[in-house]
Each structure stands twice: as C-alpha cells, then as structure tokens.
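Single-structure report; data block below.
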2 protein chains.
Amino acid sequence: MKFKRTERIGAIVKILSDNPNKIYTLSYFTNRFNAAKSTISEDLLVVKSVFEKLHLGKVITISGAAGGVKYIPKTSKQENAEFLMELCNRIKDEGRILSGGFLYLIDLIYDPGTVSKIGKIFASNIDYTDADYVVTMETKGIPMALMTANAMNLPLVIIRKDIKVSEGPTLSMTYVSGNSGKLESMSLPRKALKPDSKVIIIDDFMRGGGTIKGMIDLMKEFSAEVIGIGVFISTMKPEEKMVEDYISLIQLDVQGNEIIVEPNRDILADTEPEEDTEDMYI
Amino acid sequence: MKFKRTERIGAIVKILSDNPNKIYTLSYFTNRFNAAKSTISEDLLVVKSVFEKLHLGKVITISGAAGGVKYIPKTSKQENAEFLMELCNRIKDEGRILSGGFLYLIDLIYDPGTVSKIGKIFASNIDYTDADYVVTMETKGIPMALMTANAMNLPLVIIRKDIKVSEGPTLSMTYVSGNSGKLESMSLPRKALKPDSKVIIIDDFMRGGGTIKGMIDLMKEFSAEVIGIGVFISTMKPEEKMVEDYISLIQLDVQGNEIIVEPNRDILADTEPEEDTEDMYI
C-alpha cells in the first residue's frame, strides 16, 4: 500500500503517540510505508515539529545499532497549571467532605482522561531513565499508576493488601499506617520484581507517609531501589512526613467544612528533565 | 502560531487519538490552528484515511448543533488474531502454573501496552453506544478495565471487596464465588453510579461466573442495567457459566502440567459494530 506524505506523517504521529518511550527504527517506517529512508527522515522532521509546537513532548533520535526514534511525553508548564487548577476547583466542592475529614475523590481518580494527564505529568517530572517498574499499592492509586507506567513505557507492579493472594510464593510484611497508627499488611509475589530493580512509586494520597514508607521497606526486601516517588495529593498536615524526596501534584488541608487545596508550585515550573540521549535529527 | 498542512494533520491525529470518542467541533480546530473551515475539512479527509489505511479505527462526523468529529478506536481482525495468538503462546508457558491449577498472569495483565490493546479489542467488540460506565471489581481486572474505559471514553467504577471502605454511604452485598463456593463480599459507594445507568462489566478472569453474577446483582441494587460483559480469560470448564451474553478473548483449560489456551474465534471475526451516526465527510 502506498501512502501520501500527509498520510505517512499522520500515521507516524499515531504510532509514536500510542507507544511512548518505545524505540522505532527507521527501517520499521520504511517497511511499513514502503518509502525511502530519506523520505522517512524528512517526515520525522515534521513529526518532531508537531510535538514541539503543540507542547506534547519530544521526539528524539537515538543513534547507534539499537537506535531509532522515540516519543517522550512531556507536559508544558501552562498545561499543568490549567489542568491542576481545574482539578483543585473540582476538589474544593464542600459536598466531597466525608466523615473523618476524608474527601470523596474516586470520580476524579478513576476517570481515564484525568489519570492519563496525571500520568503524563508524573512522567514529565520524575526522572525514570534507569527505572524498571512503576510500583503502587491497591486500590485507588492503580489507575494513575497504570497511566504513569504507560507514559514511561514500564511494567506496573501492584502491591496487595490481602495476604491470602494466590500468585505463588509471596512476600508479606506489616507496616504502621501513618494515618491511623494501625498495623496493616502488604504483600507481593516473589516473581513480581527482577532482583536489583530500580522502581518508581506512584500513589494517590499521602498523609503521614506510612504507606509509602512501608512500600520502600518492602522494596528493600526485594533488593529493589526506589529512585522516584510521586503522589497525587499530599496533606499539608503533618508537615513532617515519614518519607523525603517525593513530588506531590496537589496539597490539601481540610478544616471542618473548609477545603484548602492548591497545586504544587514546583510542578508548574517548566523544568527540563535530563536526557540520556542526544536530541538530534536523523 | 501558524501550522503547515502536514503539521496540522499530525496534530489532529494526535488530538483525536489521545481522546477517543470525544467530539471535537470544527471550530475547535480552526481556532487552535488559526485556519479556515475549508482547510480543516480537507485536513480531516486525510486524517480519516490515515486511520482507515492503518486499520486503527474510524474518524466519523456527527452532524447537528452538538456535532463535530470523533475517533472511534477499532482493532482489525488480523491485528486481534496476531495479538491474541502471541498472548496465548506466552500464557502456555508451564512455568506459569501455580498450585491449585491457577496461572501466574500478572506480568501480562498489569502491562500497560498489553491492557491498552485488550481495552481496544473490548471497545471494538462490545456495543457501548448507550453505556454510562465501565464497571470492574478489584484488583486484577482494574488495568484492563481502565484502558477499556479510556477507549470508550467512559468513567470507570471499581467495586471493592473491602466493606470497611470510607467513601461515604456504601452499599455492601455478599455473593457466592462460583469457584470456591465461599461467601465473599463486595461494596460500592452510593455516589459511584447515577440512578438508572447503563454499564459495561469488564473483568480479567471467569471460571464459574459467580463474581460477575454478583456484580450484575449489585448493579440491580443501584437500578443500573448491565448492557455488556467482557472477560479477558474464561475457563473451558465448567461449560455452564452463571452468566450469559459475555464475550471472552481467550479460553483456557489447565490439566495437570498441560495448559490448553486458545483465542475466542468470534473475536477474530471482522464484525462491524453498529453505529449511531452517519459515516460521512464534513
């Protein structure tokens, strides 16, 4: 089948966009579109400019034998600001307050469009160059962790609370929930992580940080290193958390009927993440 | 900012592809790209042909006041066949057999790329025209249910096993697991579904069908109607399930050390789903 130039460009955008962080060789495109290398190289220049002009991320070229092009999703400062401000406004609704100062948020954190954007923001603000997995704990963090894993092109690992899970030999651990002070349990099948892995932890909510601290401890039992932590909402109190070096997108405080909620200003800063490859044209 | 024709086309592909089943007006594109209506209409013809030539789904035009264009993801017969055959080959590995005849599958069903394709196959084979939600039960079905919800542009609802969940007034129910014959519980916050909703149920695994039957019963308590059921893997035995009218992508039987696994032939048939709108150009 023959493709016109405009069709090839549309198709390359679609393929790269659907498969973030996956390397495609020039030959893949020359075969798929029955076109010369020089033609595809020109197409890729246009594709690159589409992503940059729309602030949708970068298409970069990796040289060498295993080289090719890949799409790195990246959100812009302005897009982050608009999206997080809109989310904050939706969270502010008094009708969301549940007894115990909790907030009803599952309409937001289970919404595919919302978690897809959250995943891209995490991928834009956490360095996952060396990461092997995205790790989360069931249940409410799973949708945003999956979308983060998708943007980072990493497998997702879900820690279970249930210790009766039948997934072969399983490592279980107890931890103290920073919130309730209660003893809780978490478990993960032995097979879930390769030894000496590097992982990114993603979760929906952090109050004291006890759960994330527990996840870090569990990772040690798997000889895995936590190289990045992202939480969607962190509470302003307690100020002192049980973990350091995390990023949170939104900060929250609930005082009676008043909900104080604001985006994390660091996330709105337009920082360029480090890149492991040269940003050059083919 | 001015865009070249090739850039506009790449950009439109990206926007539609990232937001399946969301309607974009012609004005949205004329404003975003600072271009005339006639120009955008021509671009959309090319975009339409990109999706069709690559068998990635359809871009259709909805006429009327609330009209515009939207992208409907649809997988092709050939793509389904290749993907499901490859999955079957990976599932066949004897090393996956756990005690009790269970299979270790979480490396597959937590993989973003895999569940993204599964979601598109469900969206291609279940009629969700009138659906309001995708519903699943924690935990292992969540990733594929989220990606199905994403492809269908519907919110996701997650039924919890834990009855202590603090999400406001919650409806809890017991059901008999078809597999173990044990009494299990499921619960869902009152707020999770609007009254008189229509829902699609997605789950990862079905043996007897007791869990899905329980979900259908829970939906009745919310005055919701189940209009479609998709399961990733169903077992060949028992042949008689507690639910009817479901589609499963893969059929499985484990006999000692032998894993019999095959794709569902119905899914590989190239059926055209019904459309609620005319398939015409702008």
Side-chain angles (χ1 to χ4, degrees), chain A residues 1 3-15 17-19 22 32 43 46-47 49-51 53-54 56 98-100 102 104-107 110-113 115-116 134 138-140 142-143 146-147 149-158 160-162 165-168 189 191-192, chain B residues 1 3-15 17-19 22 32 43 46-47 49-51 53-54 56 98-100 102 104-107 110-113 115-116 134 138-140 142-143 146-147 149-158 160-162 165-168 189 191-192:
Chain A
M1 193 186 288
F3 288 79
K4 289 179 208 152
R5 179 167 168 77
T6 46
E7 290 173 341
R8 280 196 314 271
I9 287 163
I12 294 171
V13 167
K14 172 78 178 139
I15 290 163
S17 167
D18 278 357
N19 301 281
K22 185 169 167 185
R32 179 117 193 210
D43 294 346
V46 179
V47 168
S49 101
V50 169
F51 283 96
K53 277 196 178 176
L54 288 172
L56 290 169
L98 304 169
S99 58
F102 290 97
Y104 185 86
L105 294 170
I106 57 180
D107 55 326
Y110 292 173
D111 175 63
V115 288
S116 172
V134 169
E138 62 181 354
T139 299
K140 291 193 277 182
I142 298 174
L146 179 73
M147 288 305 194
N150 191 44
M152 294 178 174
N153 190 27
L154 293 174
L156 176 67
V157 169
I158 301 175
R160 304 287 298 263
K161 288 173 191 155
D162 193 342
V165 175
S166 62
E167 296 289 346
K191 281 184 177 182
Chain B
M1 193 185 288
F3 288 79
K4 290 179 207 152
R5 179 169 168 73
T6 46
E7 290 173 341
R8 280 196 313 270
I9 286 163
I12 294 172
V13 167
K14 172 80 177 135
I15 291 163
S17 168
D18 278 357
N19 301 281
K22 185 169 166 185
R32 180 118 191 210
D43 293 346
V46 179
V47 168
S49 101
V50 169
F51 283 95
K53 277 195 178 177
L54 288 172
L56 290 168
L98 304 169
S99 58
F102 290 97
Y104 186 86
L105 295 170
I106 58 180
D107 56 324
Y110 292 172
D111 175 63
V115 288
S116 172
V134 169
E138 64 181 352
T139 298
K140 291 193 278 181
I142 298 174
L146 179 72
M147 287 304 194
N150 191 43
M152 294 178 174
N153 190 26
L154 293 174
L156 176 67
V157 169
I158 302 175
R160 304 288 297 262
K161 286 173 192 157
D162 193 341
V165 174
S166 62
E167 295 289 346
K191 278 184 177 182

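Just so you know, these numbers use all the heavy atoms, side chains as well, and skip hydrogens, waters and symmetry mates. Just so we're on the same page: letters track the sequence lines, and every chain starts at 1.
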Top contributor to chain B interface from [options] [non-hydrogen pairs under 4.5 Å]:
options                               : answer
A/Val157, A/Asp107, A/Ile158, A/Ile15 : A/Ile158
A/Asp43, A/Leu56, A/Val47, A/Asp111   : A/Leu56
A/Val115, A/Leu154, A/Val50           : A/Val50
A/Ala192, A/Pro143, A/Pro155          : A/Pro143

Self-check item: Side chain to side chain, A/Ile106 and B/Lys191, heavy atoms closer than 4.5 Å
Solution: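 No, too far: nothing below the 4.5 Å cut-off.
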Would you compute the distance between atom [atom1] of [X] and atom [atom2] of [Y] and round it to the nearest 0.5 angstrom?
X       : Y       : atom1 : atom2 : result
A/Ile9  : B/Thr6  : CD1   : OG1   : 4.5 Å
B/Leu54 : A/Arg32 : CG    : CZ    : 5.0 Å
B/Lys53 : A/Lys4  : NZ    : NZ    : 6.5 Å

Tell me, for [X] versus chain A, whether the close heavy atoms (under 4.5 Å) come from the side chain, the backbone, both or neither.
X        : value
B/Asn153 : neither
B/Arg5   : side chain
B/Glu7   : both
B/Leu156 : both

Quiz prompt | A/Met147 vs B/Leu146, side-chain contact (heavy atoms from CB on, under 4.5 Å): CA-CA, chis, key distance, verdict | solution = CA-CA 9 Å; A/Met147 288 305 194; B/Leu146 179 72; 4.0 Å; yes
Residue part contacting chain B, namely of [X], when any heavy atom lies under 4.5 Å:
X        : value
A/Ile12  : neither
A/Arg8   : neither
A/Ile142 : side chain
A/Lys22  : neither

Quiz item: What residue among B/Asn19, B/Asn150, B/Val134 forms side-chain contact (heavy atoms from CB on, under 4.5 Å) with A/Pro112?
Solution: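 Only one of B/Asn19, B/Asn150, B/Val134 forms a side-chain contact (heavy atoms from CB on, under 4.5 Å) with A/Pro112, namely B/Asn150.
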Quiz prompt | Carboxylate-amine/guanidinium contact A/Glu167 B/Lys140, below 4.0 Å | solution = yes
Quiz prompt | Any residue meeting ring pair (Phe, Tyr, Trp, His ring centres under 6.0 Å) with A/Phe3, in chain and number order, not counting sequence neighbours | solution =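 Expected list: A/Phe33.
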